[in-house]
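These notes are about the structure you will find just below.
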Amino acid sequence: MLQAFEHYRIALKLEPNHKGAHEYIGEAYLMAKRPADAERHLAELQRICGNTTCEEYLDLARAIAQYKQQK
């Protein structure tokens, strides 16, 4: 899992507005039981997309909602 975080961080360093990388690292944070970090990337997706309707935002928002439901 740690290697995945490193790869996503590199991707975001190279392309800070990469929607897919924000979505996937957010989902990885949920797997690591770090929902606050996932929500930080959700906020970034809202900023990048300019709304809350882009696919990546919706996917991560659903994953966060499901995570919270399970808690």
May I ask whether Leu58 and Ile48 are part of the same hydrophobic cluster, defined by side-chain heavy atoms of I, L, V, M, F, W, Y residues being less than 4.5 angstrom apart, directly or through others? no

Whether the side chain of His22 engages the backbone of Pro16 through a donor-acceptor N/O pair (distance < 3.5 Å, no angle test) should be reported. yes

Within a radius of less than 6.0 Å around OH of Tyr24, do more than 12 heavy atoms belonging to other residues, nucleotides or ligands occur? no

Identify the heavy atoms of Glu23 and Leu60 that sit nearest to each other, and give their distance. O-CD1, 3.9 Å

Same apolar cluster: Leu30 and Leu42, side chain cutoff 4.5 Å: yes

Flag yes if Leu45 and Leu12 sit in one hydrophobic cluster, no otherwise; membership is Ile, Leu, Val, Met, Phe, Trp, Tyr, and two members link when side-chain heavy atoms are under 4.5 Å apart. no

Is the shortest distance from a Lys or Arg side-chain nitrogen in Glu27 or Arg62 to a carboxylate oxygen in the other one below 4.0 Å? no

In this structure, NZ of Lys19 is separated from SG of Cys49 (nearest 0.5 Å) by 5.0 Å

Non-hydrogen atoms of Gly20 and Glu56 that approach each other most closely: N-CG, 4.1 Å

Do Lys68 and Glu39 have side-chain heavy atoms sitting under 4.5 Å apart? yes

So, do Lys33 and Tyr67 sit near enough that their side-chain heavy atoms are less than 4.5 Å apart? yes

Give me the atom names and distance for the closest heavy-atom approach of Ala21 to Tyr8. O-CD2, 4.4 Å

Any side-chain heavy atom of Glu44 sitting closer than 4.5 Å to one from Ile25? no

Are any of the side-chain heavy atoms of Arg47 and Asn17 separated by less than 4.5 Å? yes

Suppose clustering is done on Ile, Leu, Val, Met, Phe, Trp and Tyr with side-chain heavy atoms closer than 4.5 Å. Which residues sit in the same group as Ile10? Leu14

Check: Tyr29 and Arg40 side chains under 4.5 Å, non-hydrogen atoms: yes

Determine whether Asn51 and Gln46 make a side-chain contact, defined as any pair of heavy atoms from C-beta on separated by less than 4.5 Å. no

